Amino acid sequence: MAAKLIKGTEIREEILEEIEKEVADIKEKHGVVPGLVTILVGENPASISYVTLKIKTAHRLGFHEIQDTLSEDLSEEALLDLIDKYNNDDSIHGILVQLPLPKQIDEKKILNAIDPDKDVDGFHPVNVGRLMIGGDEVKFPPCTPAGIQEMIIRAGVETKGAEVVVVGRSNIVGKPIANMMLQKGVGANSTVTVVHTGTKDLASHCRRADILIVAAGVPGLVKPEWIKPGACVIDVGVNRIGEKISEKTGKKIAILSGDVDFNAAKEIAGSITPVPGGVGPMTITMLMKNTLKSLKLRLGII
Ligand code: GUN
């Protein structure tokens with residue numbers, strides 16, 4: 001039996017419509033809209049396309065958006081000054097510095113300089129700590145894990161008491177999603193195992209998973225025989241495995257592959273996210289949700 005497809009593209013539309021309505025409502029009642037600044041340093045092609053999409057989405061939702069594009073040789077000091085400017089700008093509720101940064105800039109120093117109350121990426125240590133505590137403490141869950149949890153909830157997958165296995169321990173996906181799934185509350189309350197490059201027998205852990213979340217960055221790592229029949233499989237991998245000419249635009253585009261052997265896995269899993277069109281579209285969507293939340297916190301309406 002083929003698995004149910006969990007389509008990020010469809011869930012994104014549902015959530016963006018919800019955000020759009022709320023933005024219009026707040027604008028009417030309070031005369032303000034969410035403000036988001038994206039800061040891009042250098043010309044990494046993947047970063048350019050992510051930032052362009054973030055700004056386009058913010059624009060569609062009626063946000064006040066600013067895109068700062070800076071040269072590859074920008075100094076750390078200049079970037080810190082820019083962050084300071086936006087920390088003190090009342091029209092800005094979310095500051096996003098696109099990663100990775102050029103090597104002369106200390107990423108940790110930059111992330112730590114963002115006001116935690118405008119850190120809509122959820123990467124500041126204060127927000128990482130809030131996430132660890134859970135419940136009402138959480139202000140800005142990091143966007144990709146938040147998107148994963150939202151997909152699991154909206155797909156109607158039972159999480160309470162479920163065996164969740166997370167493959168990968170990155171600060172952006174593996175560690176935070178593991179932490180979120182073990183908290184009490186909706187879309188969580190699971191028994192969580194994190195496996196990584198130091199794990200002895202990846203396959204045996206994956207086979208136990210009712211919900212398998214794979215964020216390893218290794219194309220095709222998870223084989224169909226590692227999947228428990230009926231499991232929910234969330235593939236976070238976005239691996240560029242080649243290039244092709246787009247039929248739509250005639251331009252060169254990347255060929256993407258996930259961390260899971262999708263064609264074989266979909267015959268065994270109960271539900272599965274495709275790549276592309278699965279987790280990917282959710283990250284930007286949750287960034288918009290966090291920016292709206294930042295404004296609502298500022299207005300004291302949540
Ligand atoms: N680079 C890759 N993913 C992300 C993300 O979620 N946020 C930022 N700021 N940079 C990224």
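Everything quoted here is computed from the prediction, not taken from an experiment. Just follow the structure's listing: the first ligand is 1, and inside any ligand the first atom is 1.
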Notebook entry, point to check: Are the side chains of Glu225 and Ile268 in touch, meaning some heavy atoms are under 4.5 Å apart?
Noted result: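 No - every pair of side-chain heavy atoms lies 4.5 Å or more apart.
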
Checklist line | Contact check, side chains of Thr193 and Arg208, non-hydrogen atoms, under 4.5 Å | finding: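 Of all side-chain heavy-atom pairs linking Arg208 with Thr193, at least one is under 4.5 Å.
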
Short side-chain to backbone donor-acceptor contact, [X] and [Y], under 3.5 Å:
{"X": "His196", "Y": "Gly198", "answer": "yes"}
{"X": "Lys293", "Y": "Lys139", "answer": "yes"}
{"X": "Thr273", "Y": "Gly278", "answer": "no"}

Using distance alone, determine whether [X] and ligand 1 share an N or O pair under 3.5 Å.
{"X": "Leu96", "answer": "no"}
{"X": "Val97", "answer": "yes"}
{"X": "Thr283", "answer": "no"}

Note to self: Which residue and atom name correspond to the protein heavy atom nearest atom 1 (N) of ligand 1, and how close is it?
What the structure shows: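 Closest protein heavy atom to atom 1 (N) of ligand 1: Leu99 O, 2.9 Å.
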
Check: So which protein heavy atom does atom 4 (C) of ligand 1 come closest to, and at what separation?
Finding: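 Scanning the protein heavy atoms, the shortest distance from atom 4 (C) of ligand 1 goes to Gln98 NE2, 4.2 Å.
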
Check: Taking heavy atoms and a distance under 4.0 Å, where does Phe123 meet ligand 1: side chain, backbone, both or neither?
Finding: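 The answer is the side chain of Phe123.
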
Next item on the list: Please state which part of Asp121 comes within less than 4.0 Å of ligand 1, counting heavy atoms only: side chain, backbone, both or neither.
Entry: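 It is the side chain that gets close, since no backbone atom is under 4.0 Å.
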
Item checked: For Asn112, side chain to side chain donor-acceptor pair (under 3.5 Å) partners two or more places apart ->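 So Asn112 forms no side chain to side chain donor-acceptor pair (under 3.5 Å) with any residue.
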
Next item on the list: Would you verify that at least one protein heavy atom lies under 4.0 Å from atom 10 (N) of ligand 1, or report that none does?
Entry: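 Answer yes: something from the protein, a heavy atom, is under 4.0 Å.
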
